[in-house]
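Remember, it's 1-based here, ligands and their atoms both numbered in the order they're listed. Both backbone and side-chain heavy atoms feed into the values below; hydrogens, waters and symmetry mates do not.
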Amino acid sequence: MTAVEVENLSMSYQAPIRKGGLRAAFRSLVRREYKTVQALDDVSFGIAPGEVAGFIGPNGAGKTTTMKILSGILHPTAGRVQVLGSVPWHRRSPFLKRIAFVRGSQPVGGSQELTVMDSLEYQRLLYDVPRPAFRSTLAELQALLELEPLVERQLRALSLGERMRVGLAMALIYRPEVLFLDEPTIGLDVSAASLIREFVREYVEQTGATVLLTSHYMADVASLCPRLILIDHGHVQYDGPLKELSARLSPYKLIRISTRDDPSAFGEVVEKSDGQWVLRVPRDEVAGTTGRLLQALEVVDLAVEEPPLEKVIDQAYREGLR
Ligand SMILES: Nc1ncnc2c1ncn2[C@@H]1O[C@H](COP(=O)(O)OP(=O)(O)OP(=O)(O)O)[C@@H](O)[C@H]1O
């Protein structure tokens, strides 16, 4: 059983174009010209119930387009999609009550004059949430998202971080089983982003929800997503464990050691400060080198690390996957 099933999905947009200048502007009023933009080209993947998958790729790769299709906002040009056994773009009400699509760039829609509590009440009516369930879910969300001080405030008076917390509460008040989270931490400071991450983790643990998450912040991906789907120019470039991507792209690991001796004979020194060293060592030599280091030097502390995820992903974007 898969919660999300995507087969040979393609999507092209007709984007209006016109040359610069006044004359071209007038001409475009009479006859518009369009260019086809292939946003997705033969994309396939599946997500199991309860799985949290990171969906990453450079700007314009096709992530938001995919999420819009999966949540029923867009109709694709070709392909087959099933989310919880339904075709999303049929937009059947029972289906829409089981999923949520939250965008960090616009977390709360609707009337900005309403208070947070009124907006949550509105969601309760819209999604037909029984009052007792509403009350208990609200209590949980209030605690996890620190909503207490916000409930009487108008939506338009919320800061970016507060809007995201409220946006998540509005999307989750009906306890959806599948979450599409598009850049949930965009623009947030370090502690606000970490609160959101912690919240997503708790929600998944408590409810067993399935999550597809896009983010340009590798901290989100590294801490939440054991699995990564990497998309570029509308094609899936990689789909598998986060760890394997590092192994595939970087033939090295890092040995971080604390010693008063000089370990530079054991590997390439990439960092050095105050008795702390970081050595770059070929993956298949890590065990041997570690053993020799411990024998030859007076080592206070030693840890073997994967290269930073930012570097691995940057390399994947720039050079592609071999
Ligand atoms: N409404 C639209 N009309 C025309 N082209 C569009 C439209 N929406 C998206 N595109 C194009 O489709 C491609 C994929 O866009 P999409 O927004 O899915 O990328 P993304 O991976 O979410 O990017 P980002 O990380 O910048 O948010 C881009 O080339 C984009 O310009």
Practice item. Considering only protein heavy atoms, determine whether one is less than 4.0 Å from atom 31 (O) of ligand 1. Key: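 So far as the 4.0 Å threshold goes, atom 31 (O) of ligand 1 is out of reach of every protein heavy atom.
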Check your understanding: Between Glu298 and Thr259, does any side-chain donor sit less than 3.5 Å from a side-chain acceptor?
Key ->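 The answer is no; no qualifying pair exists.
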Note the single closest protein heavy atom to [atom], along with its residue, its atom name and the distance in Å.
atom	result
atom 26 (O) of ligand 1	Asn59 ND2, 2.9 Å
atom 23 (O) of ligand 1	Gly60 N, 2.7 Å
atom 16 (P) of ligand 1	Thr65 OG1, 3.6 Å
atom 17 (O) of ligand 1	Thr64 CB, 3.8 Å
atom 29 (O) of ligand 1	Val37 CG1, 3.8 Å
atom 25 (O) of ligand 1	Lys63 NZ, 2.8 Å

Practice item. Using a strict cut-off of 4.0 Å, indicate which atoms of ligand 1 neighbour a heavy atom of Ala39. Key: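 Those of ligand 1 that fall under 4.0 Å from Ala39 are 12 (O), 13 (C), 14 (C).
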Basic-acidic side-chain contact under 4.0 Å: [X], [Y]:
X	Y	value
Glu162	Arg165	no
Lys253	Glu305	no
Arg175	Glu140	yes
Arg283	Glu306	yes
Asp239	Arg227	yes

Exercise for review: Out of Tyr34, Phe55, Tyr13, indicate the one that has the non-hydrogen atom closest to atom 10 (N) of ligand 1.
Suggested key: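 Looking at heavy atoms only, Tyr13 sits closest to atom 10 (N) of ligand 1.
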Review point. Would you say Gly57 touches ligand 1, if touching means a heavy atom closer than 4.0 Å?
Key: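 Heavy atoms of Gly57 never come under 4.0 Å of ligand 1.
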Review point. Does ligand 1 have any atom that is closer than 4.0 Å to a heavy atom of His216?
Key: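 In this structure, His216 qualifies as a contact of ligand 1 - some heavy atom is under 4.0 Å.
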**Study point:** Exceeds 12 heavy-atom contacts within 6.0 angstrom, atom CZ of Arg260
**Key:**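 Atom CZ in Arg260 is not packed in, count stays at 12 or less.
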**Study point:** Check: Phe55 ring centre within less than 6.0 Å of Phe45 ring centre
**Key:**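 Here the rings of Phe45 and Phe55 have centres that are less than 6.0 Å from each other.
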